[in-house]
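Residues take their numbers from the sequence shown, with the count starting at 1.
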Amino acid sequence: MDRQKMQNERAWVRGQLRGAADFWLKNGMDPVHGGIYTCLDRKGRIYSTDKSVWMQGRCGWTYAYLCHVYGVQEQWLAASRSCIDFLEDHCVNRQAGGRLYFTVTEDGQPLRQRRYCFSEAFYCIANAEYYGVTGEREHLERARRAYDLYWDLNHGMPDPTGLGPKTIPGTRTSRSLGIPMIILNVTSVMRRVDPEKTELYDARAKECVEDIFRYHVKPDLGCTLENVGMDGETRLNITEGRIVNPGHDIECSWFLMDHANATGDPALHSKAIDVFDMAFSWGWDEEYGGILYFIDCLGNPPEAYEHDMKLWWPHNEALIASLMIYRDTGDEKYLDIFYRVLEYCKTYFADEYGEWYGYLRRDGKPTQPACKGSTFKGPFHVPRCLIQVDQMMGQILGE
């Protein structure tokens, strides 16, 4: 390892983290209604005032996590609290069992309810992380309720909103990789801040890990499938059944490694590296560089028109996962991958105005007009990545 190179890159990472955290504080926070706007253009101008509920939770978590890692700064804690308060006051559908909306207006009027339960997941981790920093018990109780609701909704509980599944159950039911992998990550946050319930979290995490490998990881195909039948059966005759999402798989790999490290499970750690290897092999674009968004595992045309775009978050996940493997194994192959991805991010995603572009074309040019945020992009993947990378670099350097 070139120690000076890593120190130099760590300084760049820290600068980018400051820039990203400040970008959202300066441009996104709503001083009138509370919460955060995330539809921001390159320079931070708001181009839509509707608010993403996902992003209220993710922002609430991010700024609390910054406090957890680097120490409490009042501006960070206030941003976290503003988003959490906005969630509590405006985003909980109390007529539907405490489910959360997907989007609301700037003053919190409900716009859209989705069948997917990720709003609940991000509400949960925001409250949990805030509790971990402040010790305010009400936030732990909110997190626990949301966590149990999120688990139950994905384990047979009828949806109190009345929204049905995406497909007609009598014709087709499916499993999605996003469910066990995100529950695994949410569970890791809960286990860290709520040791009173470690036994519950350990049991649920174990079930998530088993589901990922029982149903989704397909060594015979050399990939991890995003969607499978309820018993893990492949459906290679339909487009949905052939989807490989390299970014999801790479993210899943470091969730698995993180769990393996927490539980002392070297066999799981090794299997998680296999998940990373398959995903990176499928996803890396040898012609233009960067990670492709979707792949068809049989080489057929993917249905999603954005399949060959380069999005910010798969690259964030690849930075975390590759550096985690290097930290844990010392295998220089993964440090080389880390630096390859980092160079791509420095060249194409990073920007002088702070934060990273969200959406690039296959050739690396930003979509026009360029944006830094949307309903799906806010202060989450980029700062989470930079925090994790900064901390791991420090561990590797012994600083």
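Residues K26 and D22 are not paired through a salt bridge, judged by the lack of any N-O separation under 4.0 Å between the basic side chain and the carboxylate. Between R144 and E141 there is a salt bridge, since at least one side-chain N of the basic residue sits less than 4.0 Å from a carboxylate O of the acidic one. Salt bridge present: K372 and D351 bring a charged side-chain N and a carboxylate O closer than 4.0 Å. Ion pairing between K377 and E355 holds under the 4.0 Å rule for side-chain N and carboxylate O. Between R242 and D296 a salt bridge is recorded (basic side-chain N to carboxylate O distance below 4.0 Å).
A donor and an acceptor atom, one from each side chain of Y147 and T187, are located under 3.5 Å apart. Judged by distance alone, the side chains of D159 and T161 do bring a donor and an acceptor atom under 3.5 Å apart. Between T134 and R81, the side chains place no donor N or O within less than 3.5 Å of an acceptor N or O (distance only, hydrogens not considered). With hydrogens and angles left out, the side-chain atoms of D331 and Y326 include no donor and acceptor closer than 3.5 Å. Side-chain contact annotation: S374 with Y359, donor-acceptor N/O pair under 3.5 Å present. Using modelled atom types and a 3.5 Å distance limit, the side chains of D390 and Q388 yield no donor-acceptor pair. At a cut-off of 3.5 Å, with distance as the only test, no side-chain donor of D41 or Y353 sits close to an acceptor on the other residue. One side chain, Y37 or E106, offers a donor N or O that lies under 3.5 Å from an acceptor on the other. Between the side chains of E399 and Q7, a donor-acceptor pair is found at a separation under 3.5 Å. The closest side-chain donor-acceptor pair between Y339 and E9, if any, does not fall under 3.5 angstrom.
Using a distance-only test at 3.5 Å, with no hydrogens or angles considered, a donor-acceptor pair links the side chain of Q113 to the main chain of L100. A donor-acceptor pair under 3.5 Å is absent between the side-chain atoms of R45 and the main chain of L40, judged by distance alone. A donor-acceptor pair under 3.5 Å is absent between the side-chain atoms of T103 and the main chain of S52, judged by distance alone. Looking only at distances, a side-chain donor or acceptor of S80 sits under 3.5 Å from a matching main-chain atom of G60. Judged by distance alone, with hydrogens and angles left aside, the side-chain atoms of D2 form a donor-acceptor pair with the main-chain N or O of Q4 at under 3.5 Å. A donor-acceptor pair under 3.5 Å is formed between the side chain of R115 and the backbone N or O of G164. Checked by atom type and distance alone, the side chain of S188 pairs as donor or acceptor with a backbone atom of N185 at under 3.5 Å.
The local environment of CD in Q75 is sparse, with at most 12 non-hydrogen atoms from other residues, nucleotides or ligands closer than 6.0 Å. Open room surrounds CD1 on I168; 12 or fewer heavy atoms of other groups in view lie less than 6.0 Å from it. For Q391, the CD atom sits in a packed shell: over 12 heavy atoms of surrounding residues, nucleotides or ligands are nearer than 6.0 Å. At most 12 non-hydrogen atoms from other residues, nucleotides or ligands lie less than 6.0 angstrom from CD of E74. The number of heavy atoms from other shown groups lying within 6.0 Å of NZ (K206) does not exceed 12. Heavy-atom contacts from other residues, nucleotides or ligands closer than 6.0 Å to CD of E199 number 12 or fewer. With a 6.0 Å radius and a threshold of 12 heavy atoms from other residues, nucleotides or ligands, K43 has its NZ atom at or below the threshold.
Under the ring-ring contact (aromatic ring centres under 6.0 Å, His included) rule, F380 has a single partner from W312, W61, F118, which is W61. Exactly one of R99, R145, R142 qualifies for a salt bridge (Lys or Arg N to Asp or Glu O under 4.0 Å) with E120. That residue is R99.
Annotation: cation-pi pair R175/Y215 present, NZ/CZ under 6.0 Å from the ring centroid and within 45° of its normal. W313 does not carry R384 over the face of its six-membered ring by the limits of under 6.0 Å from the centre and within 45° of the normal. Both cation-pi conditions hold for R114 and F102: the charged atom is under 6.0 angstrom from the six-membered ring centre and inside a 45 degree cone around its axis. Note that K310 lies outside the cation-pi zone of Y293, set by a 6.0 Å cut-off to the ring centre and a 45° limit from the axis.
Below 30°, between 30° and 60°, or above 60°: for H90 and F86 the angle between ring planes is between 30° and 60°, a tilted geometry. Between W356 and W12, the ring planes lie tilted relative to each other; the angle falls in the 30° to 60° range.
One distance of note links SG of C385 with CD1 of I320; it measures 5.0 Å at 0.5 Å rounding.
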Does the pair R42 and Y357 meet the rule for a side chain to side chain donor-acceptor pair (under 3.5 Å), with working shown?
CA-CA 7 Å; R42 181 190 179 197; Y357 293 117; 3.0 Å; yes
TODO: Could you please spell out the steps behind the side-chain contact (heavy atoms from CB on, under 4.5 Å) verdict for H155 and I183?
DONE: CA-CA 11 Å; H155 290 82; I183 294 177; 4.1 Å; yes
| request: Before giving the answer on salt bridge (Lys or Arg N to Asp or Glu O under 4.0 Å), spell out for R204 and D148 the whole-Å C-alpha distance, their side-chain angles and the decisive distance to 0.1 Å. | output: CA-CA 11 Å; R204 289 182 173 177; D148 286 338; 3.1 Å; yes
(Q) Go through it in stages, so that I can follow the logic: the residues are D277 and K333, the test is side-chain contact (heavy atoms from CB on, under 4.5 Å), and I'd like the CA-CA distance, side-chain angles, deciding distance and then a yes or no. (A) CA-CA 11 Å; D277 286 341; K333 165 187 169 182; 3.9 Å; yes
- Message: I'd like to know whether I273 forms a side-chain contact (heavy atoms from CB on, under 4.5 Å) with T329, so could you lay out the CA-CA distance, the side-chain angles of the two residues, the decisive distance to 0.1 Å, and finally the verdict.
- Response: CA-CA 10 Å; I273 294 174; T329 69; 3.9 Å; yes
Might you work through the side-chain contact (heavy atoms from CB on, under 4.5 Å) test for R235 and I238, ending with a clear yes or no?
CA-CA 6 Å; R235 291 167 170 164; I238 58 173; 3.9 Å; yes
Apply the test side chain to side chain donor-acceptor pair (under 3.5 Å) to residues N127 and H139: give CA-CA distance (whole Å), side-chain angles for both, the deciding distance (0.1 Å), then the verdict.
-> CA-CA 5 Å; N127 277 283; H139 292 282; 2.8 Å; yes
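Hydrophobic clustering, with ILVMFWY side chains joined whenever heavy atoms are under 4.5 angstrom apart, groups F376 together with Y116. A single hydrophobic cluster is not seen to contain both Y123 and M190; linkage of ILVMFWY side chains at heavy-atom distances under 4.5 Å, directly or through other members, places them apart. Placement of Y334 and V13 within a single hydrophobic cluster is found when ILVMFWY residues are connected by side-chain heavy-atom separations under 4.5 Å, directly or transitively. Y63 and V53 are members of different hydrophobic clusters when ILVMFWY side chains are connected at heavy-atom separations under 4.5 Å. Under the 4.5 Å side-chain heavy-atom criterion for grouping Ile, Leu, Val, Met, Phe, Trp and Tyr, W151 is not connected to L153 through any hydrophobic cluster.
Side-chain contact check for F294 versus V244: every heavy-atom pair is 4.5 Å or farther apart. Using a 4.5 Å heavy-atom cutoff, the side chains of D50 and C39 are not in contact. The shortest distance between side-chain heavy atoms of T239 and N300 does not fall below 4.5 Å. Annotation: side chain of M309 is not in contact with side chain of R361 (no heavy-atom distance under 4.5 Å).
The aromatic ring centres of H315 and Y344 sit less than 6.0 Å apart.
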